[in-house]
Amino acid sequence: MEQLNHLIFLWINATPDSPKALIQLATFLANDLIMIVPLLIIGLWLWGHQERIDKQREMISKTAIALLFAMTTAKTFSMLFPHARPFVEGFGYNFLHHSPDDSFPSDHGTVSFTFALAFLFWHRIWSCALLMVTALSIAWSRVYLGVHWPLDMLGGFLVGMLGCLFAQLVWNLFGEPINALMCKVYRFGFAFPIKKGWVQH
């Protein structure tokens with residue numbers, strides 16, 4: 001498995017001869033594209049058609065649970081099964097500054113794949129497809145720039161799947177009180193913008 005991991009990494013990893021424009025694009029994807037996650041979470045909670053806002057907020061609540069579980073699981077795996085990054089091992093080429101911490105599973109991969117899978121389970125196929133392309137772009141860019149192994153991204157995908165399954169289980173058991181509490185906190189904290197009509201009630 002490690003040999004396959006190395007082989008795929010070398011196939012994807014950029015070299016000093018790679019186009020500078022592609023490295024710049026990969027740097028943007030690796031660093032900045034992840035911001036789509038908090039932006040969509042905030043946007044879908046605050047705004048939407050009146051008849052769909054409750055469903056949107058339910059989806060965001062489930063997604064938040066999935067992300068929390070997935071990131072906790074990823075950190076646990078990272079401590080239990082430490083794996084050095086490619087540049088720490090002196091393998092391939094590195095084009096992105098990164099601390100030499102453990103690489104498996106990828107935090108960026110975990111967040112982006114969990115988010116995409118959440119839309120698969122609780123939203124629509126077209127939105128999942130767009131977010132899955134986003135997640136794959138982030139995964140590719142971080143391998144391309146030499147800060148992750150391909151298996152780090154596969155690990156992020158699998159942990160994201162576990163996170164979504166856990167969130168659905170929690171929601172089946174405690175969904176109504178969780179939703180009521182989150183809505184109560186939101187309406188208290190955002191009372192002024194709600195009153196002004198800047199955000200949805």
[X] [atom1] to [Y] [atom2] distance, which is reported to the nearest 0.5 Å:
X: Ile34; Y: Ser141; atom1: CD1; atom2: OG; answer: 9.5 Å
X: Ile36; Y: Ser112; atom1: CD1; atom2: OG; answer: 10.5 Å
X: Trp126; Y: Phe119; atom1: CH2; atom2: CZ; answer: 8.5 Å
X: Lys75; Y: Thr110; atom1: NZ; atom2: OG1; answer: 9.0 Å
X: Arg52; Y: Leu44; atom1: CZ; atom2: CG; answer: 10.5 Å
X: Arg57; Y: Ser61; atom1: CZ; atom2: OG; answer: 9.5 Å

Identify whether [X] and [Y] are in the same connected component of the hydrophobic contact network (ILVMFWY, side-chain heavy atoms under 4.5 Å).
X: Val133; Y: Phe157; value: no
X: Ile138; Y: Leu25; value: yes
X: Phe77; Y: Met153; value: no
X: Leu165; Y: Ile60; value: yes
X: Val159; Y: Ile65; value: no

Determine the minimum heavy-atom distance between [X] and [Y], stating which atoms define it.
X: Ser18; Y: Tyr144; result: CB-OH, 3.3 Å
X: Ala70; Y: Thr114; result: CB-OG1, 3.6 Å
X: Ile194; Y: Arg187; result: CD1-CA, 3.9 Å
X: Pro105; Y: Gly155; result: CB-C, 3.7 Å
X: Gly92; Y: Phe9; result: CA-CE2, 3.8 Å
X: Lys62; Y: Trp171; result: CE-CD1, 3.3 Å

Is there a donor-acceptor pair under 3.5 Å between the side chain of [X] and the backbone N or O of [Y]?
X: Gln200; Y: Gly48; value: yes
X: Ser127; Y: His123; value: no
X: Asn94; Y: Leu96; value: yes
X: Ser78; Y: Ala74; value: no
X: Gln56; Y: Trp45; value: no

I want to check something: taking the side chain as every heavy atom from C-beta on, are [X] and [Y] in contact at a cut-off of under 4.5 Å?
X: Tyr186; Y: Leu46; value: yes
X: Val170; Y: Ile178; value: yes
X: Phe115; Y: Leu40; value: yes
X: Thr134; Y: Leu130; value: no
X: Val185; Y: Leu181; value: yes

- Could you tell me whether Glu176 atom CD has more than 12 heavy atoms of other residues or ligands within 6.0 Å of it? no
- Query: Is the count of non-hydrogen atoms from other residues, nucleotides or ligands lying under 6.0 Å from Tyr93 atom OH greater than 12?
  - Reply: no
- Query: After noting the C-alpha distance and the side-chain angles of Trp47 and Val199, does the key distance pass the side chain to side chain contact (heavy atoms under 4.5 Å, CB included) rule?
  - Reply: CA-CA 6 Å; Trp47 297 285; Val199 296; 4.0 Å; yes
- Please lay out, stage by stage, how Trp140 and Leu29 fare under the test side chain to side chain contact (heavy atoms under 4.5 Å, CB included). CA-CA 9 Å; Trp140 165 81; Leu29 296 175; 3.9 Å; yes
- Taking it one step at a time, do Leu145 and Asn13 satisfy side chain to side chain contact (heavy atoms under 4.5 Å, CB included)? CA-CA 6 Å; Leu145 295 173; Asn13 185 218; over 6 Å; no
- Message: Checking Ser103 now: which residues fulfil side chain to side chain contact (heavy atoms under 4.5 Å, CB included) with it, not counting sequence neighbours?
- Response: His83, Arg85, His148, Trp149, Asp152
- Message: For a ring-ring contact (aromatic ring centres under 6.0 Å, His included) check, start with the C-alpha distance between Phe190 and Trp198, then their side-chain angles and the critical distance, and finish with the verdict.
- Response: CA-CA 10 Å; Phe190 282 75; Trp198 297 339; over 10 Å; no
- Query: Under 3.5 Å, is there a donor-acceptor pair between the Gln168 and Trp122 side chains?
  - Reply: yes
- Could you give me the CA-CA distance, side-chain angles and deciding distance for Glu89 and His6, then say whether side chain to side chain contact (heavy atoms under 4.5 Å, CB included) is met? CA-CA 11 Å; Glu89 295 187 3; His6 284 201; 4.2 Å; yes
